[in-house]
Amino acid sequence: MPELPEVETVRRGLEPAMSAARIDDIEVRRPDLRFPFPMAFGARLRGRTVVGLGRRAKYLLADLDDGEVLVMHLGMSGSFRIEAEGDEATPGAFHHARSKATAHDHVVFHMSSGTRITYNDPRRFGFMSLIPRAELTEHALFRNLGVEPVGNTLDAAYLETAFRGKVTPLKAALLDQRIIAGLGNIYVCEALHRSGLSPTRPAGTLSSARPRKKPGPRAERLVVAIRDVIAEAIAAGGSSLRDYVHTDGSLGYFQHTFRVYDREGEPCRTPGCTGTVRRIVQSGRSTFYCPRCQR
DNA sequence: AGTAGAACCTGAGCGC
DNA sequence: TGCGCTCAGGTTCTAC
């Protein structure tokens with residue numbers, strides 16, 4: 001469910017409660033999520049202090065004081081919520097609502113900061129793992145990840161090189177985490193729309209077959225669109241963060257305004273375009289785009 | 001080598 | 001009300 005901007009929003013929301021705080025206690029309520037929890041997961045975390053909270057692609061990385069990293073992935077439906085310790089739900093008449101709200105709470109961290117951090121994940125596509133800091137970049141989860149979509153590592157020349165000769169559709173190439181790490185279905189659709197590029201265009205046609213001195217305009221447009229759409233979504237998440245924390249403590253979901261995603265049959269939002277948003281299926285995933293202004 | 005499809009799992013929404 | 005079907009923002013494995 002969450003893409004990179006949502007994960008970054010979660011990271012920012014968790015940081016004040018989790019970073020520089022000790023895990024006084026942890027409840028692990030089932031043996032596995034997508035994968036089994038590591039051996040003695042709870043015992044290894046109990047008493048540890050989180051020295052920093054980072055992110056790589058869609059992975060949350062909690063650095064621990066013993067040199068290990070608690071790696072957390074939200075899968076499709078994972079979320080965290082933060083509550084003050086001892087702030088229990090109203091009993092009695094509201095019992096039903098309470099039990100509904102806490103279904104699928106799989107892991108609960110009791111932090112020395114006085115907060116309770118609960119991981120909830122109905123579909124259980126998420127997971128948690130413990131990896132020594134020194135082994136992280138060579139670990140199977142991380143060694144094949146491509147560049148982050150924001151920051152200066154992603155540029156038009158990189159994208160042209162990575163896509164050169166590829167026949168696979170642009171949509172699929174952008175979802176390939178080995179090239180750009182962190183883009184998901186929504187923001188790929190949005191970035192392609194902003195750059196006026198068709199999701200079905202072969203990735204290799206982003207530029208000429210032979211390397212040129214300067215990257216082509218399509219690659220430039222796409223890189224700018226990717227950076228913009230991700231940066232705007234992170235900003236939107238940040239601005240919604242305060243509201244969420246103050247209401248029910250849940251993190252990770254916020255209101256988006258998409259230009260194409262989930263807007264099948266609705267008018268294209270490109271200024272001056274009279275097209276209609278269309279939905280197609282590419283490698284089993286929905287793609288939303290405007291056939292009129294995306295070429 | 002690259003790609004489509006299935007798999008993992010639960011819930012929401014919709015037509016009947 | 002309920003049943004059956006489709007779909008969901010991720011990742012990884014298998015089969016062509």
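On a predicted model such as this, the values are computed, not experimentally measured, just so you know. Letters A, B, ... mirror the listed sequences (proteins, then strands); counts begin at 1.
A:Leu4 places its CG atom 15 Å from the C1' atom of C:dT11, with the value rounded to the nearest Å. The interatomic distance linking A:Arg285 (CZ) with B:dA6 (P) rounds to 14 Å, in whole Å. With rounding to whole Å, A:Asp262 atom CG is found 17 Å from B:dA12 atom P. Look at CG on A:Asn185: it is 13 Å from P on C:dC7, rounded to the nearest Å. To the nearest angstrom, P of C:dA8 lies 13 Å from CG of A:Leu175. Taking atom CD on A:Glu264 and atom P on C:dC7, their separation rounds to 10 Å, with Å as the unit. In this structure, A:Met72 atom CE and C:dG10 atom P are separated by 19 Å, rounded to whole Å. The CZ atom of A:Phe163 sits 17 Å away from the C1' atom of B:dA1 (whole-angstrom rounding).
Annotation: ring pair (Phe, Tyr, Trp, His ring centres under 6.0 Å) contacts involving residues 11-38 of chain A, sequence neighbours excluded, comprise A:Phe35-A:Phe127, A:Phe37-A:Phe41.
The separation of B:dG5 from C:dC7, taken at their P atoms, amounts to 13 Å, rounded to a whole angstrom. Comparing C:dT6 with B:dA6, their P atoms sit 12 Å apart, to the nearest whole Å.
Here the side chain of A:Glu3 pairs a donor or acceptor atom with the backbone of A:Asn185 at under 3.5 angstrom.
The side chain of A:His104 contributes an N or O atom lying less than 4.0 Å from OP1 or OP2 of B:dG11. At the phosphate of B:dC9, neither OP1 nor OP2 sits under 4.0 Å from any side-chain N or O atom of A:Ser77. In this structure, A:Tyr261 reaches the C:dG9 phosphate: one of its side-chain N or O atoms is under 4.0 Å from OP1 or OP2.
The side chain to side chain contact (heavy atoms under 4.5 Å, CB included) with A:Ile226 is formed by just one residue from the set A:Leu192, A:Leu174, A:Val188, A:Val150; it is A:Leu174.
A:Glu27 and A:His106 share no side-chain donor-acceptor pair at under 3.5 Å. Using a 3.5 Å distance cut-off with no hydrogens or angles, the side chains of A:Arg22 and A:Thr49 do not pair a donor with an acceptor. The closest side-chain donor-acceptor pair between A:Asp105 and A:Thr118, if any, does not fall under 3.5 angstrom. Between the side chains of A:Gln294 and A:Ser198, not a single donor N or O lies within less than 3.5 Å of an accepting N or O. Side-chain contact check for A:Ser195 and A:Arg218: no donor-acceptor pair (N or O, by modelled atom type) lies under 3.5 Å.
Residues A:Gln177 and A:Ser286 each lie close to DNA chain C; by heavy-atom proximity, the contact nearer the 5' end of the strand is made by A:Ser286.
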Close N/O contacts between protein and nucleotides 3-5 of chain B (under 3.5 Å):
from	atom 1	to	atom 2	distance (Å)
B:dT3	OP1	A:Thr168	N	3.0
B:dT3	OP1	A:Thr168	OG1	2.9

Would you tabulate the nitrogen or oxygen pairs shorter than 3.5 Å linking the protein to nucleotides 12-16 of chain C?
from	atom 1	to	atom 2	distance (Å)
C:dT12	O4'	A:Arg34	NH2	3.1

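Annotation: side chain of A:Leu170 is not in contact with side chain of A:Pro199 (no heavy-atom distance under 4.5 Å).
Scanning residues 121-131 of chain A for heavy-atom distances under 4.0 Å to DNA chain B yields A:Pro122, A:Arg123, A:Arg124, A:Phe125.
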Passes ring-ring contact (aromatic ring centres under 6.0 Å, His included), A:Phe109 versus A:Tyr119? Steps please.
CA-CA 8 Å; A:Phe109 299 88; A:Tyr119 178 71; 8.7 Å; no
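Between A:Arg11 and A:Glu8 a salt bridge is recorded (basic side-chain N to carboxylate O distance below 4.0 Å). Electrostatic pairing of A:Glu232 and A:Arg194 counts as a salt bridge here, judged by a charged N lying under 4.0 Å from a carboxylate O.
A distance of 12.0 Å separates CD of A:Glu138 from CD1 of A:Ile131, quoted to the nearest 0.5 Å.
Applying the side-chain contact (heavy atoms from CB on, under 4.5 Å) criterion to A:Pro132, with sequence neighbours excluded, gives A:Glu68, A:Glu135.
When all heavy atoms of A:Glu160 and A:Ala219 are compared, the pair lying nearest together is CG-CB, 3.7 Å.
With the 3.5 Å cutoff on both pairing distances, Watson-Crick and G-U pairs in DNA chain C assemble into runs of at least 3 at B:2-8 with C:10-16, B:10-16 with C:2-8.
Among B:dT10, C:dA8, C:dT11, the nucleotide with an atom closest to any side-chain atom of A:His73 is C:dT11.
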